[in-house]
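Structure, as structure tokens:
Since we're looking at a predicted model, the values are computed, not measured. Excluded from the calculations below are hydrogen atoms, water molecules and symmetry mates; all remaining heavy atoms, backbone and side chain alike, are included.
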Amino acid sequence: RDIGTVVLPGAEVKLYLTASPATRARRRHEEIMQGGGAERYEDVLEKLLRRDELDSSRAASPLKPAPGARIVDTDGLSLEQVVARLAEFVEARAARSRAGQ
């Protein structure tokens with residue numbers, strides 16, 4: 001969650017994936033249910049909101065986009081669509097690098 005700001009601040013391509021809390025909780029809830037879990041959606045959402053608050057307000061490496069990061073809203077997108085969009089950004093950056101920009 002802090003790759004672009006702490007681990008690799010000099011990366012050529014920085015992507016910051018986001019989605020609404022409802023979408024992220026739904027995705028996580030589906031994972032839990034597919035794994036045999038029985039956690040309620042409302043509980044998943046509550047935990048996610050609490051984690052977001054903690055992560056975005058911590059002193060060290062707060063959750064935030066890195067400077068220059070491309071923010072990608074994944075609401076309404078399938079995994080395949082997200083991967084395709086990210087690949088487009090990376091390929092466009094590579095093309096600019098080859099062109100000397």
### Task
Kindly write out the residues that satisfy side-chain contact (heavy atoms from CB on, under 4.5 Å) with Ala92, not counting sequence neighbours, or none if the list is empty.
Arg96
#### Entry: Side-chain ion pair, Arg28 and Glu31, N-O less than 4.0 Å
yes
### Query
Which pair of heavy atoms, one from Leu49 and one from Pro21, lies closest together, and at what distance?
CD2-CB, 3.7 Å
### Summary
Applying salt bridge (Lys or Arg N to Asp or Glu O under 4.0 Å) to Glu91 and not counting sequence neighbours gives none
### Task
Could you tell me whether the side chain of Arg85 and the main chain of Glu88 form a donor-acceptor pair under 3.5 Å?
no
### Query
Excluding sequence neighbours, so at least two apart, what forms salt bridge (Lys or Arg N to Asp or Glu O under 4.0 Å) with Glu53?
none
### Message
For a quick test of reading the model, state the closest non-hydrogen atom pair linking Lys14 to Ala66 and the distance between them.
### Response
CD-CB, 3.7 Å
#### Entry: salt bridge (Lys or Arg N to Asp or Glu O under 4.0 Å) partners for Glu80, two or more places apart
none
### Query
What pairs with Ile71 under side-chain contact (heavy atoms from CB on, under 4.5 Å), at least two apart in sequence or on another chain?
Tyr16, Thr18, Pro65
### Residues forming a salt bridge (Lys or Arg N to Asp or Glu O under 4.0 Å) with Arg27, sequence neighbours excluded
none
### Task
Could you tell me the separation between the NE2 atom of His29 and the CD atom of Gln34, rounded to the nearest 0.5 Å?
11.0 Å
### Summary
Apart from Ile32 itself, its cluster of hydrophobic side chains linked below 4.5 Å comprises Val44
### Message
Taking salt bridge (charged side-chain N to carboxylate O under 4.0 Å, His left out) as the cut-off, I'd like each qualifying pair that reaches into residues 34-43, sequence neighbours left out, listed once.
### Response
Glu39-Lys47, Arg40-Glu42, Arg40-Asp43
#### Entry: Contacts of Thr23 that satisfy side chain to side chain donor-acceptor pair (under 3.5 Å) - sequence neighbours left out
Ser20, Asp75
### Query
Which residues satisfy the side-chain contact (heavy atoms from CB on, under 4.5 Å) test with Glu12, sequence neighbours excluded?
Arg93, Ser97
### Task
Answer yes or no: does atom CZ of Arg70 have more than 12 heavy-atom neighbours from other residues, nucleotides or ligands under 6.0 Å?
no
### Query
Nearest heavy-atom pair of Pro62 and Ser56: which atoms, and what distance?
CB-O, 3.7 Å
### Task
Among Ile, Leu, Val, Met, Phe, Trp and Tyr joined by side-chain contacts under 4.5 Å, find the other residues sharing a cluster with Val72 and list them by chain and number.
Val13, Leu15, Leu17, Leu77, Val82, Leu86, Phe89, Val90
### Query
Is there a side-chain contact between Asp52 and Arg24 (heavy atoms, below 4.5 Å)?
yes
